[in-house]
Amino acid sequence: MSTSKLLSPRESAQLISSKSEDVSICEQGIEEASNIIFDCLKSKKYSFKMWKEHELHPNEMTKETVDWIVVLDTLNFSFWTEDDVEPWTVRFDGKNYTGYWALCASISRALKEGIPFTTPSYYADISKNNLQHILRSETATEIPLLQERTNHLNEVGKILVKDYKNSFTTLLSQCDHSAEKLLGLITSTFKCFQDESEFKGKKVSFYKRAQILISDIWACFEGKSLGYFTDITCLTMFADYKVPQSLLHLGIMKYTDKLMETLKRGEIILAGDRLELEIRGNSIWAVEQIYQKVKAKSKTASEFSSLSPEELDPIVNSVIIDFYLWDFAKENLEGFTELPCHKTRTIFY
């Protein structure tokens, strides 16, 4: 790694976008998407309240829910399988789930079976075999990176037991209701959340899982109580493999023919590869541009004119735009081979 200053996700995205070779952002797509998303926010068709409307997300605003979310986002990465392989599938309450929703289902299934899976002192010492049982699949395909997931839980659990009274809420209480401060605490305390790389000699960060951990707490608690942050707009979108698919489909991002052919062939792109960093960086920067346009529109809209900046921030921000784009991909683009997701096997998303 170079000795240059580590850039924040927003700074990293701007740098990467300005120096990208195979990924670009389309101004027309930004404008069209900002209109669509602004209309959704203005009409209240979309807000942070959508998070709890997903049947597998918890909806109680308790300390225990925070610890549920911490387990979720400690394990929230790399669900994809090769095209000819049956997906990892979890059955819960009579229904089968895949991907991210399978993870949510497996957490709830474990708790229903009496396993204290969301208690740090339990997962601090969880074995690979026990985790394999908790995440067991209806298919022959188990969840990828099982050993890495075990290591993550052991790391987070041990630190929460030793330094934070066996609950993430103790760490949360130290952030002074600042999302930026909490992001710093998470990424400096837990190695498994240090989503950093190097791009053309500069140290860059994305912090996908750390940011989504904060955002999930914020959304679940509807910006109140344990989820109250004065600076939620400091967070960017969460650079993964699903949202770029939405950005492509909506004409917000564009790949070169060479990159598109690489993806259509199903080639694995290594973590830290220039192509992977360009996809992730441009995803963040595209959403930042959409956010700025939506924010500008909101300042002149009668629906928002009576709101102070502090009241507007929880309604219009990059987090909610990310939620919208991720839901769009899951609802409309599953198995959409013309615009494939990039395949990178990594612990960070």
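What's counted below: heavy atoms across the whole structure, side chains too, no hydrogens, waters or symmetry copies. Values in this document were obtained by computation on a predicted structure and should not be read as measured data.
Remark: the T170 side chain and the S173 side chain contain no N/O donor-acceptor pair separated by less than 3.5 Å. A donor-acceptor pair shorter than 3.5 Å cannot be found between the side chains of E288 and Q292. Checking S137 against T139 by side-chain atom types alone, a donor-acceptor pair falls below 3.5 Å. Checking T89 against N96 by side-chain atom types alone, no donor-acceptor pair falls below 3.5 Å. In this structure, a donor-acceptor pair under 3.5 Å is absent between the side chains of T346 and T344. Donor-acceptor pairing under 3.5 Å is recorded for the side chains of S178 and D231. Between the side chains of R10 and T236, no donor N or O sits under 3.5 Å from an acceptor N or O. Inspection of the E196 and Y207 side chains reveals an N or O donor paired with an N or O acceptor under 3.5 Å.
The aromatic rings of F117 and Y123 sit perpendicular, their planes meeting at an angle over 60°, well past the 30° parallel limit. Taking the six-membered ring for Trp and thresholds of 30 and 60 degrees, W101 and W326 have ring planes more than 60 degrees apart, a perpendicular arrangement. Ring-plane geometry between F238 and F323 is classed as tilted, the angle between the planes lying from 30 to 60 degrees on a 0 to 90 degree scale. By the 30° and 60° cut-offs, the orientation of the rings of H57 relative to H54 is perpendicular.
The pair E278-K19 does not meet the salt-bridge criterion, since no charged nitrogen lies less than 4.0 angstrom from a carboxylate oxygen. Ion pairing of D93 with K112 is present here, as a side-chain N (NZ or NE/NH1/NH2) and a carboxylate O approach within less than 4.0 Å. Note on K208 versus D195: no salt bridge recorded, every NZ/NE/NH1/NH2 to OD/OE distance being 4.0 Å or above. A salt bridge does not link E148 with K128: none of the charged nitrogens is closer than 4.0 Å to a carboxylate oxygen. The pair E142-R136 does not count as a salt bridge, with every side-chain nitrogen at least 4.0 angstrom from each carboxylate oxygen. Look at D83 and K343 and you find a salt bridge, because one of the NZ, NE, NH1 or NH2 atoms lies within 4.0 Å of a carboxylate O, short of that distance. Taking the charged nitrogens against the carboxylate oxygens, K95 and E55 do have a contact shorter than 4.0 Å, which makes a salt bridge.
Residues L270 and E276 have side chains not in contact (no heavy-atom distance under 4.5 Å, counting atoms from C-beta outward). The shortest distance between side-chain heavy atoms of L160 and V156 falls below 4.5 Å. Side-chain contact check for W80 versus C341: every heavy-atom pair is 4.5 Å or farther apart. Side chains of K297 and F304 form no contact here, defined as non-hydrogen atoms less than 4.5 Å apart.
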Salt bridge (charged side-chain N to carboxylate O under 4.0 Å, His left out) between R274 and D22, worked out: CA-CA 9 Å; R274 175 182 63 80; D22 285 272; 3.0 Å; yes
I36 vs Y324, side chain to side chain contact (heavy atoms under 4.5 Å, CB included): CA-CA, chis, key distance, verdict: CA-CA 11 Å; I36 293 168; Y324 174 90; 3.3 Å; yes
K200 and E21: CA distance, side-chain angles, deciding distance, salt bridge (charged side-chain N to carboxylate O under 4.0 Å, His left out) verdict: CA-CA 12 Å; K200 298 190 176 181; E21 300 169 34; 3.0 Å; yes
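Within 6.0 Å of CD in E180 there are 12 or fewer heavy atoms belonging to other residues, nucleotides or ligands. For NZ of K63, the number of neighbouring non-hydrogen atoms (other residues, nucleotides, ligands) closer than 6.0 Å is greater than 12. In this structure, Q174 places its CD atom where more than 12 heavy-atom neighbours from other residues, nucleotides or ligands lie under 6.0 Å away. Atom CG of D257 has 12 or fewer neighbouring heavy atoms from other residues, nucleotides or ligands inside a 6.0 Å radius. The 12-atom threshold is exceeded at OH of Y46, counting heavy atoms of other residues, nucleotides or ligands nearer than 6.0 Å.
Applying the side chain to side chain donor-acceptor pair (under 3.5 Å) definition to pairs two or more places apart or across chains, those involving residues 150-159 are D125-K158, Q147-N151.
Tracing side-chain contacts under 4.5 Å through hydrophobic residues (I, L, V, M, F, W, Y), one never reaches L75 starting from V161; they form parts of separate clusters. Taking hydrophobic clusters as Ile, Leu, Val, Met, Phe, Trp and Tyr residues chained together by side-chain heavy-atom distances below 4.5 Å, I279 shares a cluster with I347. Taken together through direct or relayed side-chain contacts under 4.5 Å among Ile, Leu, Val, Met, Phe, Trp and Tyr, I69 and Y228 form parts of separate hydrophobic clusters.
Between H177 and F229, the gap from one ring centroid to the other reaches at least 6.0 Å. For F77 and Y349, the ring centers sit 6.0 Å or farther from each other.
The closest donor-acceptor contact from the side chain of S12 to the backbone of L7 lies under 3.5 Å.
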